[in-house]
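In what follows, a structure is listed as structure tokens, so that the remarks can point back to it.
Note on naming: letters A, B, ... go to the chains in the order of the sequence lines (proteins, then strands), and numbering restarts at 1 for each one.
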Number of protein chains: 2
Amino acid sequence: MATRLSDVAARAGVSVKTVSNVINDYPHITAHTRAKVEAAIAALDYRPNVSARSLRKGRSDFIALAIPEMASAYFAELGAAFSRAAKKRGITVLIEQTEGESAAEQLVLDGMRGQLIDGIVFSPITSTPAKIGAAASGKPLILLGERTTGGTFDHVAVDSVQAAFDATTHLISLGRQRIAAIGVGGGGASGTGAVRRKGYRKALKAAGIAHDPALELAGTGYHRLDGAASMRELLALPEPPDAVFCFNDLLALGALRTLADAGLSVPGDVAVVGFDDIEDGRYHSPSLTTISPDKEWLAEHTVALLLERIAGSGEAERRSLTVPYTLEIRESTAG
Amino acid sequence: MATRLSDVAARAGVSVKTVSNVINDYPHITAHTRAKVEAAIAALDYRPNVSARSLRKGRSDFIALAIPEMASAYFAELGAAFSRAAKKRGITVLIEQTEGESAAEQLVLDGMRGQLIDGIVFSPITSTPAKIGAAASGKPLILLGERTTGGTFDHVAVDSVQAAFDATTHLISLGRQRIAAIGVGGGGASGTGAVRRKGYRKALKAAGIAHDPALELAGTGYHRLDGAASMRELLALPEPPDAVFCFNDLLALGALRTLADAGLSVPGDVAVVGFDDIEDGRYHSPSLTTISPDKEWLAEHTVALLLERIAGSGEAERRSLTVPYTLEIRESTAG
DNA sequence: CTGAAAGCGCTTACAG
DNA sequence: CTGAAAGCGCTTACAG
């Protein structure tokens, strides 16, 4: 039905081996032979069948990126960066939405799409490293996001403790005294909330400010809705905060919405810092001060490491990459 | 190396055919046989090899969604909806970022990932139906977005003329007289800008308002940046508008930013309407009035139609689906 | 229901 | 460089 390698070989008057060599850019092909083959490929509009190739080679040049939800701005931007980084290297990214709980594990469990996938980058919500270890199907796997526990996987993350320290210290440097934190309970098993709170508390302590549990809001998620609700709680306090460090930008945008509704000025009454540097925050009014992880760096290095693992013999030691970040000071703290 | 179908058959004491029957849910399997096979599958942790299956059956149960950029909120939300709709039906969505120009055509040209993909949903930016027709590799293809020209493909779109008419009429009903439009030049060959302008002008005409070319801004793209720049142009006019209909929400969010910077009140001084209903607009302050296409409906029906085409004998007549929408009135016009 | 076998379209030793 | 052939792991007629 479809044109096959052998059709191309017949038309070019060479062996299938030679056609395969041309397609795969192997050496020892004369320019003349190559030209003949390429002409035949063009004439027949031939495209290699990736299923056959994948079956034969045991490699598909597909990798998966498993994220909680692709419509969330941070992950959407990450997905875009991964796709670009992978395309540059001739491989394709399959984006999997885990949508929380068990679905995440199930993905890994389900054998990485029936062996179609060469490796996976996994941003877990509820899965602990132990669970993932039990479920992993032996293919290369890189974890994204903070890992409090050791685990046996490569992992890539921002130094969240340091970043949270920097964000909080920035607020302190503005003279703020009652600095709240929104999102301390978030991030599930990957411990985002716990890790960022650590940096937050550390900064307070370094400045001689006692941390007030009433100012640490857990919330139920990391979306605008949660940020808005947490901010309402904070405003209802007998002594509301004069600054808020939100553990991601969506929380911060929700908080800003509540502050606007309450008629409070930002940063006049309350200064706000986020985390992630999503595009919405840059255009918001006021624009959002935030921790900006280098997403391109993250995608590039993670894809490179994964491909190294896929190609590698296997037993290299576990690697841990730290993503560079900057603190982007914008109107929400420097109006 | 990996466990194969034959390993499962051997362990269960049945033929490979029977194992295959169990996996593919074919009839005429006794409960006892099924149980034996399933036990063997579980014991060996067997997962079918999708490359082999795909090679043999000529179907992969993968479809592609080709969109301009996945980090753009509307497309991110669409991608999420497609993934869910597909997963429900046991198929997987491969999201391709075309990033504009020729890349879009290239995707279609490149033979849909070497025949891995069963069909494609394509949201073109610059490709005309004619170009796509020439490049299509014969597999089912559905176009997303307005098609001014006929084309020979199935397509799914909002009735943008009517939606733009509704949005503009809403502004007129608020008593606005100088209603600008941002984005009239956008959407490339798919003609989003032209189609929405048509509805916009129609509404003005119906209300007896002459349309003023100075109030129709083309801009270069459909992002916040473009909306912000266009709004600045409008404010520099001798007679600035008292309302703006932006052809997508990103343009509207950019415009709102410019208005905030200029110290103008929304909707007091200028009322703003968008198109797409992305989450950012719902939480923005002021929240954004917008045309809200039913994205779940879109994804569900498009996936269903594509699967019908893939399964179908082929020569059914071209189908055109119209996506339902509502006008969501929020603070930016009803503060 | 079973068993033996062909074939999907590649890649890759193997012998020249 | 070429040619003939095996084999990746499935599905599916085919004969029983």
Expressed in angstrom and rounded to an integer, what is the separation of B:L5 atom CG from C:dA4 atom C1'?
14 Å
Between B:R318 and B:D154, is there a side-chain N and carboxylate O pair less than 4.0 Å apart?
no
B:R56 side chain, from C-beta outward: closest of D:dC1, C:dA5, C:dA6:
C:dA6
Closest to side chain of A:N49, choosing from D:dA5, C:dC10, D:dC10:
C:dC10
Taking the C1' atom in each of C:dT12 and C:dG16, what is the distance between them to the nearest angstrom?
16 Å
Any A:T33 side-chain nitrogen or oxygen under 4.0 Å from OP1 or OP2 of D:dC1:
yes
Please check the phosphate of D:dC1 (OP1 and OP2 only) for any side-chain N or O of A:T30 closer than 4.0 Å.
yes
Tell me: NZ of A:K57 to P of C:dT11, nearest whole Å?
7 Å
Any strand counts, and the cut-off is 3.5 Å on both contacts for Watson-Crick or G-U wobble. Which nucleotide pairs with D:dA4?
none
Here the distance between atom P of D:dC8 and atom CZ of B:R53, to the nearest Å, is 19 Å
Specify the separation, in whole Å, of atom NZ of A:K17 and atom P of C:dC10.
15 Å
When B:A52 and B:G13 are each assigned the nearest nucleotide of DNA chain C, the 5'-most assignment goes to B:G13
Return the nearest nucleotide to the side chain of B:R4; candidates are D:dT11, C:dT11, D:dC10.
D:dC10
Whole-Å distance separating the CD1 atom of B:I41 from the P atom of D:dG9
16 Å
Could you tell me whether the side chain of A:S72 and the main chain of A:Y74 form a donor-acceptor pair under 3.5 Å?
no
What nucleotide among D:dC10, C:dG9, D:dC1 has an atom nearest to a side-chain atom of B:L55?
C:dG9
Can you tell me which nucleotide in D:dG3, D:dG7, D:dT11 comes closest to the side chain of B:S20?
D:dT11
Would you kindly give the CG-to-C1' distance between B:N21 and D:dC14, to the nearest whole Å?
15 Å
Rounding to a whole Å, what distance do you find between A:H32:NE2 and D:dC1:P?
11 Å
Backbone of A:A71 reached by a side-chain donor or acceptor of B:E279 within 3.5 Å:
no
Using a 3.5 Å distance criterion without hydrogens, assess whether the side chain of B:D118 forms a donor-acceptor pair with backbone atoms of B:D61.
yes
Between B:R84 and B:E300 (salt bridge meaning N to carboxylate O under 4.0 Å), is one present in this structure?
no
Atom-pair distance (CD1 on A:I23; P on C:dG9), nearest Å:
14 Å
